[in-house]
Amino acid sequence: MTKSFVTRFAPSPSGYLHLGHAYSGLLAFRAAEKNQGRFLLRIEDIDKTRCKLEFEEAIYEDLGWLGLDWEHPVRRQSNYFDDYLAAINVLQEKELLYPCFCTRKNIGKEIRNSAHAPHGPDGPLYPGTCRVLDPDIQTEKIEKGLPFALRLDVGKALSMIKIPLTFKENEIEIAADLASLGDIVVARKDVMTSYHLSVVVDDHLQGITHVIRGQDLFHATHIHRLLQELLRIQPPQYHHHGLLVGADGRRFAKRDRSMTIKALREGGKTLPDVFALIKDHGGDLEAELPF
Ligand code: GLU
């Protein structure tokens, strides 16, 4: 059966889901229902140190309790490293990647010492230290076995793309601002992929037509659009929904333990209680429904 509306919810099992996740998952699920489409669940577990089976199991329980129903089998990213590697190879063949040996500490130091460190929506951009590394030093570091990440040379990538890149947000065409995230990591030091790469590859391989996710990922979409173009992937449509806020006016995070779905369901709350809580924290399950 082919359906023209396929959406997904893609949590990371690095903690218990909170009310903000419930909002996101419910929006995507309801959009699929409204459009008689498909709803997929994807477990984004590439981070071996932070992701735990215990949290993954809680995701299934939480989402079931929220009334969500998803297709099986669930795609768990940790089972698909070959797919990410294939995408990395495509980018390598275009000579768009470079090894980056920097540590967070080095990068911070470099930025502090620079008079005009460019900033993006997520803070200072990677200053490009390893992009201009002397090739002999690069070889020496690789031979020494120093760990490295692979970064995308965004400037070079842009020079290869002849058309202006855009993506559809709520049916409206938005110009992709490609310099806004700098040279992103496509393969981390500890695992041969990254959030940006895996999400683009998976949305494509899973045939996702509509991505519904939080506003905090809006800026990432600009770079996802570039990756899609380089990998010759058809982009889905997007809706980035508003984020719920806590009593302190700041956005929900995993630290808001009392608002985890697990705590709510174990504390005797009902589904209507959850809907009311979402509303109290600035969510709107009716009006926000995008497609
Ligand atoms: N795994 C991401 C998260 O939990 C979401 C990825 C996405 O929806 O694109 O924040």
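Quick note: residue numbers are just sequence positions, from 1. Remember, it's 1-based here, ligands and their atoms both numbered in the order they're listed. As the structure is a computational prediction, the values presented were derived from the model and not from experiment.
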Item to complete: Could you walk me through whether His204 and Gln234 pass side-chain hydrogen bond (donor to acceptor under 3.5 Å, both in side chains), step by step?
Response: CA-CA 7 Å; His204 168 63; Gln234 197 63 30; over 6 Å; no
Worksheet item: So is Arg151 actually on top of Tyr126's ring, under 6.0 Å and inside 45° of the axis?
Response: yes
Worksheet item: Quick one: which ligand 1 atoms are inside 4.0 Å of a heavy atom on Val199?
Response: 9 (O)
Worksheet item: Is it the case that more than 12 heavy atoms not belonging to Glu95 sit under 6.0 Å from its CD atom?
Response: no
Discussion item. Against ligand 1, does Phe9 come closer than 4.0 Å with any heavy atom?
Written reply: no
Worksheet item: Which of the numbered atoms in ligand 1 are below 4.0 angstrom from a heavy atom of Arg8?
Response: 7 (C), 8 (O), 9 (O)
Worksheet item: For atom 2 (C) of ligand 1, which candidate among Ser14, Ala10, Pro13 provides the closest heavy atom?
Response: Ala10
Worksheet item: Which ligand 1 atoms, with their elements, are less than 4.0 angstrom from a heavy-atom of Glu44?
Response: 1 (N), 2 (C), 5 (C), 6 (C)
Acceptor/donor pairs from residues 274-283 side chains to any protein atom, 3.5 angstrom cut, sequence neighbours excluded:
from	atom 1	to	atom 2	distance (Å)
His281	ND1	Leu277	O	2.8

Item to complete: Can you run down the salt bridge (Lys or Arg N to Asp or Glu O under 4.0 Å) pairs that involve residues 185-213, sequence neighbours left out, and say none if there aren't any?
Response: Arg8-Asp203, Arg42-Asp202, Arg42-Asp203, Asp47-Arg188, Arg75-Asp202, Arg188-Asp190
Fill in: Those atoms of ligand 1 less than 4.0 Å from some heavy atom in Ser12
1 (N), 4 (O)
Worksheet item: Relative to Phe291, does Lys168 satisfy both conditions: NZ or CZ under 6.0 angstrom from the six-membered ring centre, and within 45 degrees of the ring's axis?
Response: no
Worksheet item: Of the backbone atoms (N, CA, C, O) and the side-chain heavy atoms from C-beta on, which set of Val211 has a member under 4.0 Å from an atom of ligand 1: side chain, backbone, both, or neither?
Response: neither
